[in-house]
Structures are given as C-alpha cells and as structure tokens.
Amino acid sequence: MLDVGCGPGRHAIELARRGIPVVGVDISAEFVDIARATVERDGLADLVRVERGDARKLAEMDHLESFDAVVCLCQGAFGLMTRNGDDEQVIAGIRSRLRPSGRLALSAFNAYFAVKYHEGAEFDAEMGVSHEITDIRNSEGDIRSVDLWTGCYTPRELRFLLRSKGFHVDRIVSVEPGAYVERQPSVESPEYLVVATAI
C-alpha cells in the first residue's frame, strides 16, 4: 500500500501494525524523520518504508513500485496545493502508481461545508479554495500563525476529476475527521471520502 502525504506516519504505521506492507511519502523532512523514528522504535522496519517526496511528482518517482492500494487521507497531499492543476497532478500520480483494479481511498474538504460554516475564512468561489489564518505548533511548543489555503470540492467535481485520471468512482460519502462512518454526501460534514478503482 502507498500512503500519499503520510505526515508523521499515523496511517502507514497503523496499517503496518495490522500486517500490511506500506510505503509512505511526504514532502516534510521533519514528518518523515518522525515517522521513521516511530517505525524503528516499534520494530516495523520490515513493513514500512517512509521517504521524502512531492505528491505532485509521484509519476516521476520511477523507483517506486506499483501498488494494490493507495490512501491519501486527512488532506495528506490532496487539497493542500494552491496552484490550479496541482490536485490533478496528485491524482494522476496516484493513478500512475496503482495497478489496474487497484483501490484508492481519498479524503477531500467539502466545499458546501466550507461556504456554510468556515467563520473567519475567506472562500474563493472561482478557484474553490478556502483561505484562513491558523496557529501551528512545532515540536518545541512554539506557536506561529500561518496562512492556510485548502482546495474544497463537491462530490460532482470529485467524480469528474477522478474519472478524468483513470478511476471508476465506487462511492463518495460524508465523513468527520477521525470518524469515518459512511453517510450520504451532505453539506453538513467537513469532508468527503472517495473510494475509487483504477481502470
């Protein structure tokens, strides 16, 4: 399995604990270091490989093998790009790494929810991008305010995008962060979960 935008390894490491071999890719050197340290500490090095890489360039990462499944969850890479076309590159790269009939689980921010509920954020209706200023904390506990741009999607847009890159969309459901219980798509959930098959 490939975990795109694996961050500090939350999903990759849990999958490995369940006996699933995983390769995690993330653009952040610090997250990759954290994930590798956890993998070593927990004795999972035979099941998890974590490397630094840009999700927009997955198709160019020739050293990566083909995978039976890909996860890109909690906006690991998808939706966090600010240039038009970046999300398309992420999806095309994911498809390039999947074997035929391979499966994808991808989460995306809900555009309806962003428009309705994101107080203190600005929504660019033309680009479908929400902009907000948020506080982040480093490993030493220091807090810094940063700009956060997030691509937001409707289920219709997700279907079009995935189909255009060689996927059959099996289903799209409304989910809550950390509580992936399948529900019909609605304006009331912050995220959608897409399950798709490579064709």
Side-chain angles (χ1 to χ4, degrees), residues 1-26 31 34-35 38 42 44 47-48 50 55 67-81 87 90-91 94-95 97-99 101-121 123 128-130 132 134 136-137 148-199:
M1 180 173 283
L2 175 64
D3 184 355
V4 176
C6 66
R10 178 173 54 166
H11 299 110
I13 290 165
E14 185 56 38
L15 289 163
R17 286 181 180 137
R18 295 167 188 244
I20 299 169
V22 185
V23 174
V25 175
D26 201 275
F31 278 163
I34 292 168
T38 305
D42 292 358
L44 297 169
L47 286 171
V48 184
V50 183
F67 295 90
D68 296 308
V70 174
V71 294
C72 184
L73 302 172
C74 303
Q75 288 65 52
F78 183 77
L80 297 183
M81 311 302 176
D87 283 347
V90 172
I91 298 300
I94 287 172
R95 178 59 191 90
R97 293 291 147 220
L98 268 173
R99 296 184 178 112
S101 300
R103 305 297 298 279
L104 167 66
L106 170 102
S107 62
F109 280 113
N110 178 347
Y112 303 127
F113 185 90
V115 170
K116 187 172 180 181
Y117 291 113
H118 273 193
E119 295 178 14
F123 188 79
V129 173
S130 175
E132 61 186 307
T134 189
I136 61 170
R137 187 182 308 266
L148 180 64
W149 287 271
T150 308
C152 303
Y153 287 87
T154 66
R156 185 171 190 256
E157 290 168 328
L158 290 166
R159 283 190 190 93
F160 284 151
L161 176 56
L162 272 287
R163 287 175 185 159
S164 76
K165 300 303 176 191
F167 286 93
H168 169 78
V169 176
D170 300 309
R171 63 188 179 280
I172 299 176
V173 295
S174 276
V175 294
E176 300 280 340
Y180 281 20
V181 177
E182 292 190 20
R183 294 174 296 168
Q184 282 294 109
S186 76
V187 301
E188 301 300 325
S189 69
E191 296 180 8
Y192 293 122
L193 176 67
V194 182
V195 178
T197 303
I199 54 176

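In this text the structure is predicted, and so the values were computed from the model without any measurement.
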Over all heavy atoms of both residues, which pair between N110 and C152 is shortest? Give the atoms and the distance, please. C-CB, 4.3 Å
Grab the two heavy atoms, one from I172 and one from P185, that are nearest each other, plus how far apart they are. O-CG, 3.2 Å
Distance in Å, R17 CZ paired with D42 CG, rounded so as to fall on 0.5 Å steps: 4.5 Å
Does the Y112 side chain pair with the main chain of Y153, one donor and one acceptor, at a distance under 3.5 Å? no
Counting distance only, does the side-chain N/O of D3 pair as donor-acceptor with the main-chain N or O of A12 below 3.5 Å? yes
Cationic N near anionic O, under 4.0 Å, D68 to R99: yes
Minimal non-hydrogen separation, R95 against F167, with atom names: CB-CE1, 3.6 Å
Would you check, one step at a time, whether the test side chain to side chain contact (heavy atoms under 4.5 Å, CB included) holds for F113 with E191? CA-CA 8 Å; F113 185 90; E191 296 180 8; over 6 Å; no
Between A16 and V48 the two heavy atoms that sit nearest each other are CB-CG2, 3.1 Å
Is it true that, when you exclude R10 itself, more than 12 heavy atoms of the residues, nucleotides or ligands shown sit nearer than 6.0 Å to its CZ? no
Measure the shortest side-chain to side-chain distance between I91 and L162 over non-hydrogen atoms and say whether it is less than 4.5 angstrom. yes
Judged by atom type as modelled, is there a donor-acceptor pair below 3.5 Å linking the side chain of D87 to the main-chain atoms of F78? no
Provide the closest heavy-atom pair for L98 versus R103 in the form atom of the first, atom of the second, distance. CD2-O, 3.7 Å
To the closest 0.5 Å, what do you measure between SG (C72) and CG (L106)? 5.0 Å
Spell out, as yes or no, whether a donor-acceptor pair under 3.5 Å connects the side chain of S107 to the backbone of C74. yes
Return the OG1 to CZ distance between T154 and F160, rounded to the nearest 0.5 Å. 8.5 Å
Between E14 and R18, is there a salt bridge with N-O shorter than 4.0 Å? yes
Can you tell me how far the CG atom of L148 sits from the CD1 atom of I136, to the nearest 0.5 Å? 9.5 Å
In Å and rounded to the nearest 0.5 Å, what is the CD to CD distance from E119 to E132? 11.5 Å
Rounded to the nearest 0.5 Å, how far apart are CG of L158 and CG of L193? 10.5 Å
Determine, for E182 against R171, whether the closest basic-nitrogen to carboxylate-oxygen distance falls under 4.0 angstrom. yes
Quick check: does any side chain N or O of T38 sit under 3.5 Å from a backbone N or O of I34, one acting as donor and the other as acceptor? yes
Closest non-hydrogen atom pair between P8 and I13, with its separation: O-CD1, 4.0 Å
